[in-house]
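All remarks here apply to the structure that follows.
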Amino acid sequence: MFEQISPLQQVGLTVLAAAGAVWAVRLVRMLHRDRTEPTVPYVSGASLHALPRQPSHAGETVELSAAERDAFAGLVRQLMSRRG
């Protein structure tokens, strides 16, 4: 097959094949790195400056009935058991 194409085309084909191989290796490494390492850095005390400050509603409270408190406690226990 290579006898029918010019030497310049052979070089171009070789360069294209090498570039494709390098691209595939880098893609696999990038995907593997994203799967094993978290990419979102945690910064203590960081705030989102793009969002406007929300007014404080310290005076607003809601009283829960005993049944509502029990239901909430059960929900928290269920979520914690899934997490652990």
Side-chain angles (χ1 to χ4, degrees):
M1 175 176 141
F2 285 113
E3 303 85 29
Q4 298 173 356
I5 60 174
S6 71
L8 186 59
Q9 289 175 327
Q10 289 178 6
V11 169
L13 183 61
T14 304
V15 169
L16 185 60
V22 168
W23 175 81
V25 167
R26 292 193 66 180
L27 178 66
V28 168
R29 284 185 179 177
M30 182 182 65
L31 291 175
H32 180 68
R33 181 193 62 203
D34 288 345
R35 189 170 13 126
T36 58
E37 298 175 5
T39 57
V40 179
Y42 176 75
V43 179
S44 177
S47 63
L48 299 175
H49 298 290
L51 297 177
R53 291 189 59 99
Q54 299 295 317
S56 173
H57 298 290
E60 293 184 15
T61 59
V62 176
E63 293 296 324
L64 298 177
S65 68
E68 290 171 328
R69 281 193 300 273
D70 291 340
F72 182 73
L75 178 63
V76 170
R77 280 192 300 272
Q78 180 183 6
L79 291 174
M80 293 302 287
S81 70
R82 286 186 188 174
R83 189 172 170 214

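As the structure is a computational prediction, the values presented were derived from the model and not from experiment. Note that the numbering runs from 1 along the sequence shown for the chain. Side-chain atoms are counted along with the backbone in the values below, which use heavy atoms only and exclude waters and symmetry mates.
- Of all the heavy atoms in E68 and E63, the pair that sits closest is OE1-O, 4.3 Å.
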For residues 8-25, please give each side-chain donor-acceptor pair under 3.5 Å, one per line with the distance, not counting sequence neighbours.
| residue | atom | partner | partner atom | Å |
| --- | --- | --- | --- | --- |
| Q9 | OE1 | S6 | N | 3.1 |
| Q10 | NE2 | F2 | O | 2.6 |
| T14 | OG1 | Q10 | O | 2.8 |

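- Every residue meeting the side chain to side chain contact (heavy atoms under 4.5 Å, CB included) condition with Q78, not counting sequence neighbours, appears here in chain and number order: L75, R82.
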